[in-house]
Amino acid sequence: MTAIKKKHTALKITRNIILIFFAVCIVAAGGVTLRGYYMYTGALEQKPIMRAVGEIRSKDSFTELSQLPDTYLDAVIAAEDHRFYEHGGVDYIAIGRAVYNDIKAMSFVEGGSTITQQLAKNLYFTQEKELTRKVAEVFMAWALESRLSKEEILELYVNSIYFGSGCYSVGEASYTYFDKAPSEMTDYESTLLAGIPNAPSVYDLNENPDLARQRQRQVVGLMVKYSGMSRERAELLACGVN
């Protein structure tokens with residue numbers, strides 16, 4: 001066999017291996033998507049969206065969006081999902097970045113979940129990082145966006161996320177950490193509280209106040225980047241000045 005024929009054969013084998021690899025990936029992705037869809041439909045059969053919404057709204061600690069400081073809401077969006085009002089439940093840019101970083105690390109190091117996806121997870125699924133559940137979460141996020149307004153989704157989100165110290169809503173967290181209603185939170189307290197759900201066990205104010213303050217400084221930095229907060233204002237809040 002000539003060198004040219006050997007090279008051609010090697011290229012052909014390599015091409016076939018790549019095609020087989022992509023075919024296997026497509027089949028595997030299709031299987032995960034199908035299982036995720038069945039998980040999503042099964043969850044809806046057990047609990048329709050409006051029943052799940054009603055359970056959150058019936059909590060004694062439920063706080064309406066109008067009772068929350070604008071600074072807190074701006075901080076939540078900047079910290080958790082700065083394109084919240086632009087996407088339809090799934091932020092494809094964030095997902096692409098997360099997939100890239102996860103592949104580099106060969107582990108789930110970044111989620112890319114939107115506020116709507118996190119609400120879907122809180123209402124229906126576990127916190128476990130598993131591909132089938134992530135797919136089901138995407139389907140559920142689309143369903144939530146089709147049934148609820150952005151304001152309703154944000155309101156439900158802050159009333160269902162975990163803040164550490166046994167607090168599962170902004171109302172519980174505000175009373176636990178600051179001994180006041182959410183509407184009475186200062187700008188500093190608002191930005192401090194907004195950073196906790198990113199890692200509640202790490203930023204729990206009762207357990208790790210120093211780490212919580214470090215996270216608060218990250219949040220105000222994100223508010224400068226995404227919410228139009230001035231650097232002067234951010235520097236004051238980072239120092240604990242309202």
Side-chain angles (χ1 to χ4, degrees), residues 56-57 59-87 91 94 110-119 121-122 127 149-242:
I56 298 299
R57 288 176 173 163
K59 292 165 57 174
D60 292 338
S61 62
F62 185 80
T63 306
E64 294 181 1
L65 218 60
S66 60
Q67 298 173 308
L68 294 169
D70 289 340
T71 298
Y72 172 72
L73 298 175
D74 289 343
V76 169
I77 292 173
E80 296 294 333
D81 183 5
H82 67 274
R83 282 185 286 270
F84 175 64
Y85 286 105
E86 301 168 19
H87 61 66
D91 187 339
E110 188 173 337
S113 293
T114 64
I115 283 175
T116 312
Q117 286 175 268
Q118 292 182 62
L119 175 61
K121 179 172 58 180
N122 292 341
Q127 303 298 313
S149 69
K150 287 290 188 179
E151 287 71 24
E152 288 174 317
I153 289 170
L154 182 59
E155 183 178 74
L156 292 165
Y157 170 74
V158 298
N159 280 283
S160 63
I161 49 176
Y162 186 53
F163 289 86
S165 289
C167 303
Y168 285 89
S169 70
V170 61
E172 292 176 355
S174 181
Y175 278 109
T176 296
Y177 292 131
F178 310 130
D179 194 27
K180 62 176 63 174
S183 60
E184 299 172 340
M185 289 192 297
T186 65
D187 287 350
Y188 174 72
E189 291 166 341
S190 292
T191 54
L192 189 61
L193 200 64
I196 295 176
N198 179 259
S201 61
V202 176
Y203 301 128
D204 186 313
L205 267 171
N206 288 333
E207 299 294 331
N208 304 303
D210 291 338
L211 291 178
R213 284 189 285 270
Q214 288 180 27
R215 173 61 179 163
Q216 185 265 352
R217 289 191 285 272
Q218 293 175 354
V219 169
V220 295
L222 291 170
M223 293 179 75
V224 171
K225 186 175 182 179
Y226 299 122
S227 301
M229 176 179 283
S230 69
R231 292 190 178 277
E232 294 75 15
R233 180 63 178 149
E235 288 173 3
L236 288 173
L237 286 177
C239 294
V241 179
N242 284 297

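Because only heavy atoms are used, hydrogens play no part in the values below, and waters and symmetry mates are left out as well, while side chains stay in.
- Each of L73, I161, V158 was checked for a side chain to side chain contact (heavy atoms under 4.5 Å, CB included) with V170, and the lone residue meeting it is V158.
- Residue D70 holds its CG atom at 9.0 Å from CG of L65, rounded to the nearest 0.5 Å.
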Mind running side chain to side chain donor-acceptor pair (under 3.5 Å) on S61 and S169 for me, showing each step along the way? CA-CA 7 Å; S61 62; S169 70; 2.9 Å; yes
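- When all heavy atoms are compared, the tightest approach of E172 to T176 is O-OG1, 2.8 Å.
- Side chain of Y162 to main chain of G166: a donor-acceptor pair is present (N/O by atom type, distance under 3.5 Å, no hydrogens or angles).
- Summarising the geometry, atom CD belonging to E189 is positioned 11.5 Å from atom CG belonging to L237; distances are rounded to the nearest 0.5 Å.
- To the nearest 0.5 Å, the span separating CG on D81 from CG on L119 amounts to 11.5 Å.
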Enumerate donor-acceptor pairs with a distance under 3.5 Å from any side-chain N or O in residues 192-203 to protein atoms, sequence neighbours excluded.
none

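- Minimum interatomic distance between Q118 and S113 (heavy atoms only, all atoms of both residues): NE2-O, 3.7 Å.
- A donor-acceptor contact closer than 3.5 angstrom links the side chains of N206 and S165.
- Between R57 and E152 there is a side-chain heavy-atom pair separated by less than 4.5 Å.
- Ring pair H82/Y226 is parallel by interplanar angle, where below 30° counts as parallel and above 60° as perpendicular.
- The side-chain hydrogen bond (donor to acceptor under 3.5 Å, both in side chains) check on D187 picks up T71, R233, with sequence neighbours excluded.
- Of all heavy-atom pairs spanning S230 and V224, the tightest one is O-CG2, 4.0 Å.
- By the 4.5 Å heavy-atom criterion applied to side chains, Y168 and N122 are not counted as neighbours.
- Side-chain contact between Q216 and Y188: present, with at least one pair of heavy atoms (C-beta onward) separated by less than 4.5 Å.
- Side-chain atoms of N208 do not come within 3.5 Å of backbone N or O of L211 as any donor-acceptor pair.
- The side-chain heavy atoms of S174 and K180, taken from C-beta on, include a pair separated by under 4.5 Å.
- The distance from the OG1 atom of T116 to the NE2 atom of H87 is 5.0 Å, given to the nearest 0.5 Å.
- No more than 12 heavy atoms of other residues, nucleotides or ligands lie within 6.0 Å of NZ in K225, so this atom counts as exposed by the packing criterion.
- For the residue pair T114 and D91, no side-chain donor N or O sits within less than 3.5 Å of a side-chain acceptor on the partner.
- Atoms OG and CZ, on S160 and F62 in that order, are 9.5 Å from each other to the nearest 0.5 Å.
- Between L154 and I77, some side-chain heavy-atom pair lies under the 4.5 Å cut-off.
- Side-chain contact between E80 and Y157: present, with at least one pair of heavy atoms (C-beta onward) separated by less than 4.5 Å.
- Annotation: the span from L68 atom CG to E155 atom CD amounts to 8.0 Å, rounded to 0.5 Å.
- Between R217 and E235 there is no salt bridge, since none of the side-chain N atoms of the basic residue sits less than 4.0 Å from a carboxylate O of the acidic one.
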